[in-house]
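In what follows, a structure is listed as structure tokens, so that the remarks can point back to it.
Atom set for the values below is all heavy atoms of this structure, side chains included, hydrogens, waters and symmetry mates excluded.
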Amino acid sequence: MRQRSGEFMQSAMDSWGDIVYRVALSQTCSHQDAQDVAQDVFLRLLTSPVEFEDGEHLKAWLLRATINRCRELHRSWWKRRVQGAGDAEAEAFANASALTDSSPTEEAALRAVERHPIWQALRKLPDQLRATVTLHYIEGILCAQIARIMECRPATVRTRLRRARTKLRGSL
């Protein structure tokens, strides 16, 4: 089994790690799940046989792998059978847990973002609409690139964006 160099992996994580995490967070709505998804995506990259043409090809592959891993997570036996703890219990667990390596200011910023009305409305969107909105409006990716990442037509991306805007307008 071929593995990529540590230098390549570090470069990929530095360049695209934040976007992978944000897309995973938008899809899972959980910091812990988003961290797990991002880690899984980069582990898949480590052993992937794909030869990347350029940075954009790598970015598209990472985003597609992130969306696929989020779908796998949603379909998993564990997610379907185990009910999550209440928000207060989950927050208490996250604060007490030594598993996260984020600073207190990062955690406070993440909690502030989660309480924002736009984030709350975004969380209520279906997965495909939420992913499309995140890629287009938050990450600034063009519709044609999103179409390649989401494996659909550009017209489908534009339709999803229109539907998402309509739903967000109704929520806000």
Path from Ile19 to Phe8 over hydrophobic side-chain contacts below 4.5 Å = yes

Heavy-atom nearest pair, Trp61 first then Val41, reads CZ3-O, 4.2 Å

The single option from Leu129, Leu125, Ile118 that satisfies side-chain contact (heavy atoms from CB on, under 4.5 Å) with Leu168 is Leu125

Here the gap from Asp36 atom CG to Leu43 atom CG, rounded to the nearest 0.5 Å, amounts to 10.5 Å

- Is there a side-chain contact between Ile67 and Leu135 (heavy atoms, below 4.5 Å)? yes

Does the side chain of Thr159 reach to within under 4.5 Å of the side chain of Arg162, using non-hydrogen atoms?
yes

In terms of heavy-atom contacts, Thr132 and Met150 come closest through OG1-CE, 3.9 Å

>> If hydrophobic clusters are built by linking Ile, Leu, Val, Met, Phe, Trp and Tyr wherever their side-chain heavy atoms come under 4.5 Å apart, do Leu142 and Leu161 end up in the same one?
In response: no

Pair Gln10-Asp14, side-chain hydrogen bond (donor to acceptor under 3.5 Å, both in side chains): steps then yes or no = CA-CA 6 Å; Gln10 188 63 46; Asp14 290 344; 2.9 Å; yes

Do the non-hydrogen side-chain atoms of Arg71 and Gln128 ever get within less than 4.5 Å of each other?
yes

Requested in this report: Check for a donor-acceptor pair, side chain of Arg4 on one end and backbone N or O of Thr47 on the other, with a separation under 3.5 Å.
Outcome: no

Practice problem: Is it possible for you to say whether Val20 and Ile138 belong to one hydrophobic cluster, with membership spreading through side-chain heavy-atom contacts below 4.5 Å? | Solution: yes

(request) Could you go through the side-chain contact (heavy atoms from CB on, under 4.5 Å) check for Ile141 and His136 one step at a time? (result) CA-CA 5 Å; Ile141 299 174; His136 185 71; over 6 Å; no

dist Arg130:CZ -> Thr28:OG1 (nearest 0.5 Å) comes out at 8.0 Å

Polar side-chain atom of Gln27 near backbone of Ala131 as donor-acceptor pair, under 3.5 Å: yes

Taking Ser11 for its side chain and Glu7 for its backbone only, find out whether a donor-acceptor pair lies under 3.5 Å. no

Value for NZ (Lys124) from NZ (Lys167), rounded to nearest 0.5 Å, stands at 12.0 Å

- Message: If you count every heavy atom of other residues, nucleotides or ligands that lies below 6.0 Å from Arg153 atom CZ, does the total exceed 12?
- Response: no

Nearest heavy-atom approach of Val133 to Ala164 is CG2-CB, 3.2 Å

With the side chain counted from C-beta on, respond yes when Leu58 and Glu53 share a heavy-atom pair under 4.5 Å apart, and no when they do not. no

ask   = In this structure, are over 12 heavy atoms from other groups packed under 6.0 Å from Arg44 atom CZ?
value = yes

Between Arg123 and Cys29 the two heavy atoms that sit nearest each other are NH2-O, 3.0 Å

- For Ser26 and Val23, indicate whether the former's side chain and the latter's backbone hold a donor-acceptor pair under 3.5 Å. yes

- Item | Side-chain heavy atoms of Cys70 within contact of Asp127, under 4.5 Å | no

| said: A side-chain contact here means heavy atoms from C-beta on lying under 4.5 Å apart; do Thr66 and Tyr21 qualify? | reply: no

Please examine the side chains of Ser171 and Gln120, heavy atoms only from C-beta on, and report whether any two atoms are closer than 4.5 Å. no

Quick one: do Leu46 and Val50 end up in the same hydrophobic cluster if we chain Ile, Leu, Val, Met, Phe, Trp and Tyr together by side-chain heavy atoms under 4.5 Å apart?
-> yes

pair Leu122-Tyr137: side-chain heavy atoms closer than 4.5 Å
no

Between the CG atom in Leu45 and the CG atom in Leu62, the distance rounded to the nearest 0.5 Å is 5.5 Å

For Ala147 and Pro154, the nearest pair of non-hydrogen atoms, with its separation, is CB-N, 3.6 Å

So NZ of Lys59 and CH2 of Trp16: to nearest 0.5 Å the spacing works out to 4.5 Å

Heavy-atom nearest pair, Arg22 first then Thr134, reads O-CG2, 4.5 Å

Any Lys/Arg nitrogen of Glu72 or Arg69 sitting under 4.0 Å from an Asp/Glu carboxylate oxygen of the other?
yes

When rounded to the nearest 0.5 Å, the distance separating CD1 of Ile149 from CG of Asn68 is 11.5 Å

